[in-house]
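Each chain gets a letter, A, B and so on, in the order the sequences are listed, and its residues count up from 1. Keep in mind it's a predicted model, so treat the numbers as computed, not measured.
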There are 2 protein chains.
Amino acid sequence: MAKVDTSLVAHLPLFAGVKPEDLEEILREARSARYPKNSAIFEQGADAQSFFLLLHGHVRAAKTTPTGEQIVVRYVAPGETFGLAMAIGATRYPATAIAVDDSVALIWPTSAWPRLVERFPSLAANTLQTVGTRLQESHTRILEMSTQQVEQRVAHALLRLAKQSGKKLDRGIEIDFPISRQDIAQMTGTTLHTVSRILSGWEQQGLVESGRQRIILRDPHGIVVLAERSPDSGVA
Amino acid sequence: MAKVDTSLVAHLPLFAGVKPEDLEEILREARSARYPKNSAIFEQGADAQSFFLLLHGHVRAAKTTPTGEQIVVRYVAPGETFGLAMAIGATRYPATAIAVDDSVALIWPTSAWPRLVERFPSLAANTLQTVGTRLQESHTRILEMSTQQVEQRVAHALLRLAKQSGKKLDRGIEIDFPISRQDIAQMTGTTLHTVSRILSGWEQQGLVESGRQRIILRDPHGIVVLAERSPDSGVA
DNA sequence: CAGGGTGTTTGCGATAGCTCAAAACGGGCA
DNA sequence: TGCCCGTTTTGAGCTATCGCAAACACCCTG
């Protein structure tokens, strides 16, 4: 277990207002681990023994129904925390976390959280902020699912992914991790078939370029237009 | 402005782990106000000058799209906090809060939050817990909207309302505040027409008894069955 | 007690998106 | 290099739910 360089994480929102020497103390309680592509980090319903800070790679958090349907709760990008069950008073993970790319994360034992929060109250405040933001985003998503059609929802989802994990290319913006039609369907509350049809259409119009688990937004602005277009203002 | 009796609020999750004398200090910073039925407490987009703890009544938090569509984010019951924009680092309210019944709330100025959290770190921890729980619920709602049909979603919504704000009657459980078909539609991502049709059907089967802004679950268990029934297992 | 207004019910198309089915595709691995 | 498997595409019906429209019922007010 290599020692973590504080300079790599000092700027993260989680550690805002934490003194460098304190940060070192916090990091001493963590270990780091590597997760190969497609490996599970934790399973929904399992005992929440740890919480995580993603350093490299990308992680998909998904929730499964008793009947086996899944939705993608979110994609975790480097610098973000996940598996914070303890912070919300849960003892089990409410979702499953899978590395969608080779990934590296810092891991703290859940049991360390109360002590850390006591010693460094800004941790609680910072986490509150993050969780609050996620709650907002979650409400936005509900609003979208209630009021928008599938095409607009897919547009919004891609734009968010591009903002969070977009890689600038000459030809456009590429989503920087493998993502399937199925994944997008599970983010937007539709089926992979519908997503496929939509992307095919967009490809024809030159809005995107896509392939197996790969999407490039060639005309981000055009997609913004789609995302904001009111349901009936179709091109005559 | 009458002084608030600590015994009324001491047991609330928000104040868990706060010493009685500290609680008094916290309450000294608050004032209380009365909101008549159907009055606005704050508007989406307005400057978040205060945060609230509901003492009596019921409050509906709703989010509006640029195009005027609304969804109900949640109903606030007595003992719950709302308008915590500051906790999540926002300066404007992300939703509109309306008293659906004559209501009374404690009000703190947003500016007091940082000081309070500094002096009483358990406030942050407790709030984190609450917000985390709401995030969970929010994810559950997304899961439902993605995977269930309208009838099941309405069933779940009513069951949650009954649990949160149900009043036991001989004939069943009554939702203890005025709620319209439209409101339920905005909680479940459908239209008031569809909700009306569903409730009419249920009324025929003796599952509910309902009228103008009033719903009584006459057979809660029957509704649980509906809520959990897989999409296709209709009665032949 | 009548009037007006909000909330509710119900009918009747219209349709977005689902389901089922099958073929084509692409990439990694032996 | 060729095979195999997971992913994507596309077609063709089907239906749950919406959208519109109109009639209705209840409650509060004057």
(message) Strictly distance-based, threshold 3.5 Å: is any side-chain N or O of A:Arg218 a donor or acceptor partner for the main-chain N or O of A:Val208?
(response) no
(message) If I take atom CD1 in residue B:Ile179 and atom C1' in nucleotide C:dG7, what distance separates them, rounded to the nearest angstrom?
(response) 13 Å
(request) Give the minimum heavy-atom separation between A:Ile107 and A:Ala33, together with the two atoms involved. (result) CD1-CB, 3.6 Å
(request) With heavy atoms under 4.0 Å as the rule, sort B:Thr191 into base, sugar-phosphate or nothing. (result) sugar-phosphate
(message) C:dG17, OP1 or OP2 - any side-chain N/O from A:Thr194 closer than 4.0 Å?
(response) no
(request) May I ask you to decide if the ring planes of B:Tyr93 and B:Phe52 are parallel, tilted or perpendicular, using 30° and 60° as cut-offs? (result) tilted
(request) Starting from P on C:dC18, measure out to CD on A:Gln182 and report it in whole angstrom. (result) 12 Å
(message) Please report the distance, rounded to the nearest Å, between CD1 in A:Ile184 and P in C:dG17.
(response) 16 Å
(request) Describe the nucleic acid contact of B:Arg181 in one word from base, sugar-phosphate, nothing, applying a heavy-atom distance below 4.0 Å. (result) sugar-phosphate
(request) Starting at atom CZ of A:Arg212, determine the distance to atom P of D:dC4, rounded to an integer number of angstrom. (result) 16 Å
(message) From C-beta outward on A:Ser210, which listed nucleotide comes closest to its side chain: D:dT9, D:dT17, C:dT10?
(response) D:dT9
(request) In whole angstrom, give the distance that lies between atom NZ of A:Lys37 and atom C1' of C:dG27. (result) 11 Å
(request) Remember a base hit wins even if backbone is also touched, and classify B:Gly189 as base, sugar-phosphate or nothing at under 4.0 Å, heavy atoms. (result) sugar-phosphate
(message) With a 4.0 Å cutoff (strictly under), does any side-chain N or O of A:Ser196 reach OP1 or OP2 of D:dT7?
(response) no
(message) Taking donor-acceptor contacts at under 3.5 Å, does the side chain of A:His193 reach the base of D:dT8?
(response) no
(request) Write down the distance between CD (B:Glu151) and P (D:dA16), rounded to a whole number of angstrom. (result) 11 Å
(request) Starting from C1' on C:dT6, measure out to CD on B:Gln213 and report it in whole angstrom. (result) 8 Å
(request) Look at all strands and tell whether B:Ser200 reaches a base, only sugar-phosphate, or nothing, counting heavy atoms closer than 4.0 Å. (result) sugar-phosphate
(message) For B:Ser210 and B:Arg181, which I'm curious about, is there any donor-acceptor pair between the side chains at under 3.5 Å?
(response) yes
(request) May I ask you to say whether A:Glu137 pairs ionically with A:Arg160, meaning some side-chain N is under 4.0 Å from a carboxylate O? (result) no
(message) With a 3.5 Å cut-off and heavy atoms only, can you find an N or O donor on one side and an acceptor on the other between the side chain of B:Arg214 and the base of C:dG7?
(response) no
(request) Would you mind reading off the distance between A:Gln148 atom CD and D:dC18 atom P, rounded to a whole angstrom? (result) 16 Å
(request) State whether the distance check finds a donor on one side and an acceptor on the other, under 3.5 Å, for side chain B:Arg197 versus base C:dT9. (result) no
